[in-house]
> 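Below is one structure. I have some questions about it.
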Amino acid sequence: MDAVRFDPIRLQPGHLSRPRSHERRRCESIESTSYPEKGSCVLVEEETRTWIVESRADSEVETVMAATALICDTEPWKDLKEHINVIEKTHLRDLMNDLDRCQSMMVEFDGIILDYSRQRARLDTMEKLFKLAEAADLRKKIDSMCNGEHINSTENRSVLHIALRAPRDKVICSDGKNVVPNVWDVLDKIKDFSDRVRSGSWVGATGKALKDVVAIGIGGSFLGPLFVHTALQTDPEAADCANGRQLRFLANVDPVDVARNLKGLNPETTLVVVVSKTFTTAETMLNARTMREWISSALGAQAVAKHMVAVSTNLTLVEKFGIDPANAFAFWDWVGGRYSVCSAVGVLPLSLQYGFPIVEKFLRGASNIDNHFYSTSFERNLPVLLGLLSVWNVTFLGYPARAILPYAQALEKLAPHIQQVSMESNGKGVSIDGVPLPFEAGEIDFGEPGTNGQHSFYQLIHQGRVIPCDFIGSIKSQQPIYLKGEVVSNHDELMSNFFAQPDALAYGKSPEQLLHENVPDHLIPHKTFSGNRPSLSLLLPSLDAYNIGQLLAIYEHRIAVEGFIWGINSFDQWGVELGKVLATQVRKQLHLSRTEGGPVRGFNFSTTTLLTKYLEVEPGNPSDSTVLPRI
Ligand SMILES: O=P(O)(O)OC[C@H]1O[C@H](O)[C@H](O)[C@@H](O)[C@@H]1O
């Protein structure tokens, strides 16, 4: 029998040991049963996903492997599993009648109200979820993140996006070094540069002011900044500061995206910001070369120095590309791409558009939630509550999706941004120790602003699949409209739906009610709403730069909480690599076929046939001459 000394901290009552997956084979021969106690032999069976380890008090046993535990082996998890039966017998119609419950499920922080009374949860459900948080060491994990420990273990990195918005005097260390001064060095550099561009003291190659900015980037180097830009666009304070300037985003490698972004732009008045953490992303680099060509063909190669700047962690490649390092804005490997909007990735383009003070206000909002997240008890901690409820919905109640429904057009890019933050972070199949997860983690995020969504996919949410919904609204509109003679303002009209939809989902409409309304029998099944469909409401005081920063941080931390509970690494993204490798093979084939001809080789029947068909049509131009979009 292989002997295994396990980590005693891991084997508290309620925990069972589990080997790391690559060491699994060693344990397969072990057979014995008993609960882990010091010096005892422990068995756990594979069918029940538990493992046997042997430990000896005399410490003569060599460490064969480290045992790890999954959260699903803990008592609080099992308790919640059993609790599902209790919840299945409840209906939100009844739960909503319990005033004490509803009062307890309304939490306010800094003017933001979270109402989670329409979750399929009772007060004892919350107690059980807090116990689960304890079993998952949530407090410790939050502390580890905020203290700069290398919690992104597969990349051996800290996860410190909170440092990007920390005040100057805060100390946050990564590898023993306070990173906040570095953050502020870059912020100061951005302030200086954006002031110069906006004031016209930094001009283009022909002496004209640069009033338009194209930010090239994809994924995390695009979605967060786009979300914030879209949200700020109609904020009166930010809009005033934009003062006729334009900010555009070029993400897709599709030449059509280039064409659309270039439409109406003049190279003489355009500044290009190349945003890429790695400076190797194929799409971004081709778009950057395309824009470099657009500038140099119009203004000469030397114009690039005045018209192109970069944001990256890889300043060597920035220089190699031909951008002066003095015009490069750094960030660090402890900032995940999807968590990078508060670094130069977002701060530079947004400061160019709105001025640094607006962006600083946004950073202060995010920082305010960071402090709340770090220091508030779980019972009143917005990201923790939201994260625990998501785990409850996904893993215990089995709802795989989440709809993000802002009743605010300004938040129209919130769902696409959160889609990346959430699905790239928590779309994992193994624990942080590499053990396959025997439960579902991660969720499918999608959404549209209300009321547009109501006229699109809400049918499914009301009568088809159950999809927990986040309703997000703001008390004040960024752009109020009042029409004389109308019963309510335009914002009131919008918000009537924000207040109505959660109850429609929760209460539904029973056949009895329909009978009362004299609905014909044959239509009753079609007009019945089962109700009991969970949602939560987040009501913000307004949607200025500060609130937008708060909202961003609430979602970022909520997603981290979910990952911490599931016991996964939310900060790597190996799942995006395979497709990139295969695309490289296709690219090589396309190049070969275009230059030397010959058959497509090395692919399966399906891909070979499609590629051959694609290559049948001549590309239309020899690749040694440059063609740029015509519109
Ligand atoms: O910023 P870059 O290095 O260009 O990376 C852009 C994107 O690339 C990949 O797709 C990653 O999955 C994303 O997380 C990242 O945001």
Side-chain angles (χ1 to χ4, degrees), residues 151-152 154-161 164 186 214-229 249-254 257-258 261 272-292 308-321 323 328-350 413-429 442 445 552 555-556 559-560 563 568-584 586-587:
I151 63 167
N152 176 359
T154 61
E155 296 179 303
N156 194 21
R157 289 174 182 168
S158 320
V159 175
L160 277 180
H161 43 281
L164 300 171
V186 176
V214 178
I216 304 174
I218 199 163
S221 295
F222 159 58
L223 290 161
L226 176 70
F227 155 59
V228 180
H229 171 52
F249 291 90
L250 171 55
N252 200 336
V253 74
D254 185 341
D257 205 13
V258 177
N261 270 289
V272 175
V273 184
V274 185
V275 186
S276 175
K277 178 173 171 180
T278 54
F279 231 68
T280 58
T281 304
E283 294 92 329
T284 299
M285 296 327 296
L286 182 55
N287 277 335
R289 293 193 293 277
T290 306
M291 291 299 285
R292 186 177 60 190
M308 286 188 94
V309 298
V311 175
S312 187
T313 58
N314 194 336
L315 300 182
T316 313
L317 287 185
V318 170
E319 191 171 5
K320 226 169 148 189
F321 180 86
I323 293 176
F329 299 83
F331 66 115
W332 308 272
D333 70 359
W334 42 262
V335 182
R338 54 196 174 274
Y339 296 92
S340 66
V341 58
C342 294
S343 72
V345 166
V347 174
L348 177 62
L350 294 165
K413 295 296 179 189
L414 175 66
H417 175 49
I418 297 309
Q419 214 165 40
Q420 189 201 4
V421 180
S422 163
M423 293 170 79
E424 203 170 67
S425 296
N426 289 339
K428 308 286 162 66
D445 288 276
L552 172 91
Y555 270 92
E556 284 179 345
I559 287 156
I568 59 181
N569 182 356
S570 299
F571 304 103
D572 61 11
Q573 60 286 318
W574 299 105
V576 301
E577 296 303 322
L578 181 58
K580 290 185 194 171
V581 175
L582 297 185
T584 302
V586 176
R587 190 184 300 119

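Note that the structure is a prediction, hence the values are computed from the model and not measured. Order of listing sets the numbers, starting from 1, for every ligand and every atom in it.
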> Hey, looking at atom 2 (P) of ligand 1, which of T281, V576, T313 has the closest heavy atom?
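The option holding the nearest heavy atom is T281.
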> Which residue in the set D445, V421, I418 passes side-chain contact (heavy atoms from CB on, under 4.5 Å) when paired with Y555?
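In the set D445, V421, I418, the residue that makes a side-chain contact (heavy atoms from CB on, under 4.5 Å) with Y555 is I418.
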> Does any N or O of ligand 1 fall below 3.5 Å from an N or O anywhere on K580, backbone included?
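Not met; the criterion fails.
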> Would you say ligand 1 has an N or O under 3.5 Å from any N or O of T284?
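No, there is no polar N/O contact under 3.5 Å.
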> For the backbone of K277 and the side chain of T313, can you confirm whether one donor and one acceptor N or O come within less than 3.5 Å of each other?
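Between the backbone of K277 and the side chain of T313 there is a qualifying donor-acceptor contact (under 3.5 Å).
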> Select the closest option to atom 13 (C) of ligand 1 among K277, Q573, E424, judged by heavy-atom distance.
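Shortest heavy-atom distance from atom 13 (C) of ligand 1: E424.
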> Side-chain contact, heavy-atom cut-off 4.5 Å: W332 with L164?
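W332 vs L164: side chains touch.
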> Show the atoms of ligand 1 that are less than 4.0 angstrom away from any heavy atom in G219.
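Answer for ligand 1: 16 (O).
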> Check each atom of ligand 1 against the heavy atoms of G220 and keep those under 4.0 Å away; list them by number with element.
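Listed by number with element, the hits are 15 (C), 16 (O).
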> Nearest 0.5 Å please: distance from the NE2 atom of H161 over to the OG atom of S343.
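Going from NE2 on H161 over to OG on S343, the span is 11.5 Å.
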> For atom 6 (C) of ligand 1, what is the nearest protein heavy atom, given as residue, atom name and distance?
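Its nearest protein heavy-atom neighbour is I218 O, 3.3 Å.
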> Looking at K428 and G563, would you say the former's side chain and the latter's main chain have a donor-acceptor pair under 3.5 Å?
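Side chain of K428 to backbone of G563: no pair is present.
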> Kindly compute the distance separating CG (L317) from OG (S276), expressed to the nearest 0.5 Å.
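Going from CG on L317 over to OG on S276, the span is 9.0 Å.
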> side-chain contact (heavy atoms from CB on, under 4.5 Å) with T284: which of V253, V275, V274?
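Only one of V253, V275, V274 forms a side-chain contact (heavy atoms from CB on, under 4.5 Å) with T284, namely V274.
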> What part of E577 sits under 4.0 Å from ligand 1 if we count only heavy atoms: the side chain, the backbone, both or neither?
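The answer is neither; E577 stays 4.0 Å or more away.
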> Taking 4.0 angstrom as the limit and counting only heavy atoms of Q420, give me the atoms of ligand 1 inside it, by number and element.
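Checking each atom against Q420, I get 13 (C), 14 (O), 16 (O).
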> Could you identify the single nearest non-hydrogen protein atom to atom 3 (O) of ligand 1 and state the distance to 0.1 Å?
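I find the closest protein heavy atom is T278 OG1, 2.6 Å.
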